[in-house]
Amino acid sequence: MLCGNEIYYEEAGTGDTLVVFESGAGAGRTLWDRIVPLLANVAHTVAYDRAGRGRSSHAPEPQSIDDMAATLVALVEALAPERVILAAHSMGGLIVRRAAESLSPSGLVLMDPTPENAPTYDNWAPTVKQTDRILAVQQALSHIPPLMRILTRSYGRKFPADTYATMLAEDFAPAGLAQTRHEIAAVAAAIPEFRTRPPEPPKSDITVISATHAARYQSRNLDTMREYQRRYADQLGAHFEDSASEHIIPAEQPEQVAAAIRRLVNG
């Protein structure tokens with residue numbers, strides 16, 4: 001029980017360094033299935049489901065980014081590692097940056113992290129409403145598995161068959177899509193909070209990995225998002241890498257992510 005919720009997590013690998021993975025909106029522990037085996041002999045890894053997602057318990061109230069960060073802090077403290085590295089994708093970057101204020105990790109690996117200062121988010125409310133409407137339709141259609149396979153076929157191409165089957169049963173099921181809607185709302189609420197009260201800069205080595213490609217509906221914001229990811233990296237003196245990938249870097253470039261984590265583990 002962490003922060004009032006039963007949190008499900010999976011452990012793998014060995015080593016004195018704990019690597020904890022924080023997924024982006026709409027994803028749980030399975031997002032990391034292509035990376036975890038690459039670190040088996042390097043680190044002790046933990047991939048988990050946030051409250052309300054996958055095999056974790058349903059949260060009694062929709063969680064804020066700060067709530068999610070508190071759960072991450074509690075999970076790491078319960079595992080009591082000698083040193084910890086936090087690896088995060090997209091929205092997960094907001095979570096680990098807030099959690100890092102309490103955890104003082106040895107390193108961060110941020111994959112296509114949400115850059116709250118990007119002008120893309122200056123008037124993001126219409127996009128959030130449109131996204132929620134789309135997710136609401138998907139949630140209604142998720143009772144028809146063959147249709148969901150069509151709608152999510154890009155994930156079927158990116159992930160192993162067993163991982164994709166789990167995603168269909170959890171993340172693309174009614175409860176999973178309802179949770180995704182809550183998570184998108186949490187990001188929208190967090191953007192102004194992060195702008196006015198940004199997390200303390202982590203006192204650790206940081207790698208920012210930025211996707212160089214975008215799906216058609218994301219392409220108009222690609223250059224802006226990359227610019228502000230680079231600005232964040234420059235501000236902190238972080239290592240910045242391009243990734244020949246669309247947004248789901250953990251699935252499309254797992255070797256690159258694993259290499260970035262190994263450098264921090266061995267550093």
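All of these numbers come straight from a predicted model, not from anything done at the bench.
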If you apply the rule side chain to side chain contact (heavy atoms under 4.5 Å, CB included), what do you find for Ile248 with His89, and how did you get there? CA-CA 8 Å; Ile248 312 298; His89 175 247; 3.9 Å; yes
His44 and Glu11: side chain donor to acceptor below 3.5 Å: yes
Salt-bridged, Arg157 to Glu246, with N to O below 4.0 Å? no
So CZ of Arg181 and CG of Leu135: to nearest 0.5 Å the spacing works out to 7.0 Å
Please confirm whether the backbone N or O of Pro174 pairs with a side-chain atom of His143, one donor and one acceptor, at under 3.5 Å? no
Scan side-chain atoms only and decide if Ser245 and Gln253 contain a donor-acceptor pair under the 3.5 Å cut-off. no
Which heavy-atom pair separates Ala51 from Ser56 by the least distance, and what is that distance? CA-CB, 4.2 Å
Is there side-chain contact between Ser104 and Lys203, with heavy atoms separated by less than 4.5 Å? no
Is the backbone N or O of Tyr48 less than 3.5 Å from a side-chain atom of Arg53, with the two atoms forming a donor-acceptor pair by type? no
May I ask you to decide if Glu116's main-chain N or O and Arg195's side chain share a donor-acceptor pair within less than 3.5 Å? yes
Are Leu108 and Val42 linked, directly or through other ILVMFWY residues, by side chains that come within less than 4.5 angstrom of each other? yes
Looking at Glu22 and Arg97, is there a salt bridge between them, counting it only when a charged N and a carboxylate O are closer than 4.0 Å? no
Is there a continuous path of hydrophobic side-chain contacts, each under 4.5 Å between heavy atoms, that joins Tyr155 to Leu168? yes
Same cluster or not: Leu177 versus Ile184, using hydrophobic residues (I, L, V, M, F, W, Y) connected whenever any side-chain heavy atoms lie under 4.5 Å apart? yes
Check this for me: Tyr228, atom OH, are more than 12 non-hydrogen atoms of other residues, nucleotides or ligands nearer than 6.0 Å? yes
Side chains of Phe21 and Ile35, heavy atoms from C-beta outward: is any pair under 4.5 Å? yes
Return yes if some donor-acceptor pair links the side-chain N/O of Gln256 with the main-chain N/O of Asp242 below 3.5 Å, else return no. yes
Run the side chain to side chain contact (heavy atoms under 4.5 Å, CB included) test on Ser142 and Phe172 for me, step by step, so that the C-alpha distance in whole Å, both residues' side-chain angles and the decisive distance to 0.1 Å come before the verdict. CA-CA 7 Å; Ser142 61; Phe172 300 125; over 6 Å; no
Give the intermediate values and the outcome of side chain to side chain contact (heavy atoms under 4.5 Å, CB included) for residues Thr114 and Ile191. CA-CA 9 Å; Thr114 301; Ile191 294 297; 4.1 Å; yes
On a heavy-atom basis, which atom in Met68 and which in Ala186 lie closest, and how many Å separate them? CE-CB, 3.9 Å
Closest approach of Ala178 and Gln139, non-hydrogen atoms and distance? CB-NE2, 3.6 Å
Answer yes or no: is there a side-chain heavy-atom contact under 4.5 Å between Thr180 and Asp171? no
Between Asp33 and Met167, is any pair of side-chain heavy atoms under 4.5 Å apart? no
So which atom in Val96 and which in Leu110 form the shortest heavy-atom distance, rounded to 0.1 Å? CG2-CD2, 3.6 Å
Single-linkage hydrophobic cluster, 4.5 Å side-chain cutoff, Leu38 and Ile249 together: no
In Thr14, Ile261, Thr17, Val257, the residue satisfying side-chain contact (heavy atoms from CB on, under 4.5 Å) with Leu39 is Ile261
Is Ile134 reachable from Leu147 through a run of I, L, V, M, F, W or Y residues, each pair having side-chain heavy atoms under 4.5 Å apart? no
So do Phe194 and Leu94 actually touch side chain to side chain, heavy atoms under 4.5 Å? yes
Could you tell me which non-hydrogen atom of Pro62 sits nearest to which non-hydrogen atom of Asp67, and how far apart they are? O-OD2, 4.4 Å
Do any N or O atoms from the side chain of Asp112 and from the backbone of Ala211 form a donor-acceptor pair under 3.5 angstrom? yes
Between the side chain of Asp49 and the main-chain N/O of Arg55, is any donor-acceptor distance below 3.5 Å? yes
Can you tell me how far CZ of Arg149 sits from CG of Leu151, rounded to the nearest 0.5 angstrom? 12.5 Å
Can you establish whether the number of heavy atoms outside Asn266 located under 6.0 Å from its atom CG is more than 12? yes
Taking all atoms of both residues into account, what is the closest heavy-atom pair of Gly24 and Glu183, and its distance? O-OE1, 4.3 Å
Does the Ser106 side chain pair with the main chain of Ile85, one donor and one acceptor, at a distance under 3.5 Å? no
State, without any angle test, whether Gln63 and Arg50 hold a side-chain donor-acceptor pair at a distance under 3.5 Å. no
Quick check for you: to the nearest 0.5 Å, what is the distance between Glu193 atom CD and Ile65 atom CD1? 9.0 Å
Between CZ of Arg98 and CD of Glu200, what distance do you get to the nearest 0.5 Å? 9.0 Å
Donor-acceptor pair, Thr131 side chain versus Thr127 backbone, under 3.5 Å? yes
Report the C-alpha distance between Ser210 and Arg230 in whole Å, list the side-chain angles of each, state the deciding distance to 0.1 Å, and finish with yes or no for side chain to side chain contact (heavy atoms under 4.5 Å, CB included). CA-CA 8 Å; Ser210 179; Arg230 184 182 288 277; over 6 Å; no
Hey, does the side chain of Gln229 reach the backbone of Pro113 with a donor-acceptor pair shorter than 3.5 angstrom? yes
Can you tell me how far the OG1 atom of Thr207 sits from the NE2 atom of His239, to the nearest 0.5 Å? 5.5 Å
Can you find a heavy atom in the side chain of His182 that is under 4.5 Å from one in the side chain of Glu61? no
Below 4.5 Å, heavy atoms only, C-beta onward: do Thr152 and Tyr164 meet side chain to side chain? yes
Backbone N or O of Arg231 within a donor-acceptor pair of the Asp234 side chain at under 3.5 Å? no
Is there a side-chain contact between Pro160 and Arg34 (heavy atoms, below 4.5 Å)? yes
How many angstroms lie between OG in Ser154 and CD in Glu252, if you round to the nearest 0.5 Å? 9.0 Å
Mark yes when over 12 heavy atoms from residues, nucleotides or ligands other than Tyr9 sit less than 6.0 Å from its OH; otherwise mark no. no
Assign the ring pair Tyr121 / Trp124 to parallel, tilted or perpendicular, where the plane angle (0 to 90°) is split at 30° and 60°. perpendicular
